[in-house]
Number of protein chains: 2
Amino acid sequence: MSQPDTKQRLLDAAESLFAAEGFHSTSLRAVTGKAEANLAAVKYHFGSKEALLEAVLNRRLVPLNQVRQERLEALRMAARQSGVRPATEAVLRAFIEPTLAFRDSGPGAEAFIQLVGRAIAEPDDTIRNLFMQLMKPLFLLIYDMLGEALPELSDTERFWRLHFSLGALSHATCLAGRFQILPAGVTPRPDADALTAMLVNFLKMGMEAPCD
Amino acid sequence: MSQPDTKQRLLDAAESLFAAEGFHSTSLRAVTGKAEANLAAVKYHFGSKEALLEAVLNRRLVPLNQVRQERLEALRMAARQSGVRPATEAVLRAFIEPTLAFRDSGPGAEAFIQLVGRAIAEPDDTIRNLFMQLMKPLFLLIYDMLGEALPELSDTERFWRLHFSLGALSHATCLAGRFQILPAGVTPRPDADALTAMLVNFLKMGMEAPCD
DNA sequence: TCCGCATTAAAACAAACGTTTGATTTATCC
DNA sequence: GGATAAATCAAACGTTTGTTTTAATGCGGA
């Protein structure tokens, strides 16, 4: 049980608890308890609770963002070489597919995606800035690519439609099967492919909606 | 400054602070300080911090939900009497229009809508259940009406598309102009009518997207 | 005026929090 | 194998938290 490093165990425990209970509601004693480590280990390995959160975010978000960025850049290159605009669906898929595929890559990853979904709406400025700083280049990139895919859209429309899409995505990932309300005949936990298909299909039409 | 009742001032202060800082991050001392009331007044008037949150939610959400429910019910009646299915756009508008109009009805209302946007993704089960219990009838109603508007949609598709829509709405209300990233040429704070138009226009197309 | 009730006020409660210290153990290298 | 550094540990730090108690205050009716 105690095979990985203490540092890794702390990251795993923090990831799981921050996702399930929220950052402020999770005590360091709960983290070190779950990680079977000493309370002071957090200060030794990270320095503070906030630095621990930063490490949790960095560990997974940097590689994930790199994948998403590569897919978007590849799309941009293909569009420039072929001379045709990138398809809206392809842009959305380049962002969403790696996100949900990563979510299904393990229990820690699923918790992390849930944590990220919450970070977007985080009230605490320090935490939200921590997250937004990591997301800003990617946000501007997909905002830019949507402008290439939909040049007739006004900046304001494009900005808000992107936020609507991010809201839909983060809500879908945040819920993580914890529905209070579940009507009959509903699949509560579709896998990554099924959810990606539904989400991209939905957002593509919204993105391409004509402006009144 | 201290004109309204202590009870009202506590509700106003709690609403504002819970929305801005989050429930767990807001201390009762901050609430009573802002309300210019004694700390023990919370226990006297409400009983506990959680009961204060419940009162904050009830004060505004019950009347707002009643308006939304009435508009949805009116739509259902009109559809039954005319024999034609309700329009998807009309169903969405019946829910979203009162929500955003209410948001613009005052600073307290805006904070409240922000608070509600957060409550959907709240990690704490007690809080989320508190909120979901108030929202459940309305959720089932709009889920039902979307089924009337889009009978060819599978239950799972309808369920998830509704959640995508709620995610987009809650994200848009939660942000409340607090953007970290704001590209040039973007209107950061559209009024209720403009945001409603953009949102309904976006979601209508997503809702009506053909299934593969 | 005096009584009774609703409200407010000050103070303290135990518990939990993030943080820090200093000693102890474990591992690494010469 | 002994010295040096890394890592872990128990314990306490001072604050802050929600809650509770008890006394004081304000106020309307007999």
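Bear in mind the structure is a predicted one, so any value in this text is a computation, not a measurement. To find a chain, count down the sequence lines: A is the first, B the second, and so on, and within it residues start at 1.
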Any A:Ser27 side-chain N or O less than 4.0 Å from OP1/OP2 of C:dA16 =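 It does not, given that no N or O in the side chain of A:Ser27 lies less than 4.0 Å from OP1 or OP2 of C:dA16.
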
Quiz item: Which part of the nucleic acid, if any, lies within reach of B:Thr26 when heavy atoms closer than 4.0 Å are counted: base, sugar-phosphate only, or nothing?
Solution: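 Here B:Thr26 touches the backbone only, sparing every base.
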
- Task: For B:Thr32, report the nucleic acid contact type (base, sugar-phosphate, nothing); a contact means any heavy atom under 4.0 Å.
- Result: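 No contact at all - B:Thr32 keeps every heavy atom at 4.0 Å or more from the nucleic acid.
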
Open item on the list: Please give me the minimum heavy-atom distance between A:Leu72 and A:Val91, naming the atom from each residue.
Closed with: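 For A:Leu72 and A:Val91, the tightest heavy-atom pair comes out as CD2-O, 3.8 Å.
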
Subject >> Distance-only polar pair, side chains of B:His171 and A:His171, donor-acceptor under 3.5 Å >> reply: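 Side-chain D/A pair, B:His171 to A:His171: absent.
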
Protein-nucleotide distance ([X], atom [atom1]; [N], atom [atom2]), rounded to Å:
X       : N      : atom1 : atom2 : answer
B:Leu28 : C:dA12 : CG    : P     : 20 Å
A:Gln8  : D:dT8  : CD    : P     : 13 Å
B:Leu53 : D:dT19 : CG    : P     : 12 Å
B:Glu36 : C:dA9  : CD    : P     : 10 Å
A:Glu21 : C:dA16 : CD    : C1'   : 15 Å
B:Arg29 : C:dC13 : CZ    : P     : 14 Å
B:Leu39 : D:dA24 : CG    : P     : 20 Å
A:Lys43 : C:dT20 : NZ    : C1'   : 6 Å

The side chain of [X] lies closest to which of these nucleotides: [options]?
X       : options               : answer
B:Thr6  : D:dA10, D:dT19, C:dT8 : C:dT8
A:Asn38 : D:dA10, D:dA11, C:dA9 : D:dA10
A:His45 : D:dT8, C:dT8, C:dT19  : D:dT8
A:Ala40 : C:dT19, D:dC9, C:dA9  : D:dC9

Upstream residue (5' side of DNA chain C) when A:Ser48 and B:Lys7 are each assigned their closest nucleotide =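 The residue closer to the strand's 5' end, by nearest nucleotide, is B:Lys7.
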
Do A:Glu54 and A:Glu50 pass the side chain to side chain contact (heavy atoms under 4.5 Å, CB included) test, and can you show the C-alpha distance, the side-chain angles, and the key distance before you say yes or no?
CA-CA 6 Å; A:Glu54 190 173 352; A:Glu50 193 175 295; 5.9 Å; no

| query | Can the ring centres of A:Phe23 and B:His24 be said to be less than 6.0 Å apart? | reply |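 Here the rings of B:His24 and A:Phe23 have centres that are no less than 6.0 Å from each other.
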
ask   = Got more than 12 heavy atoms from elsewhere within 6.0 Å of CD, A:Glu73?
value =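 Yes, because the 6.0 Å sphere around CD of A:Glu73 holds more than 12 heavy atoms from other groups.
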
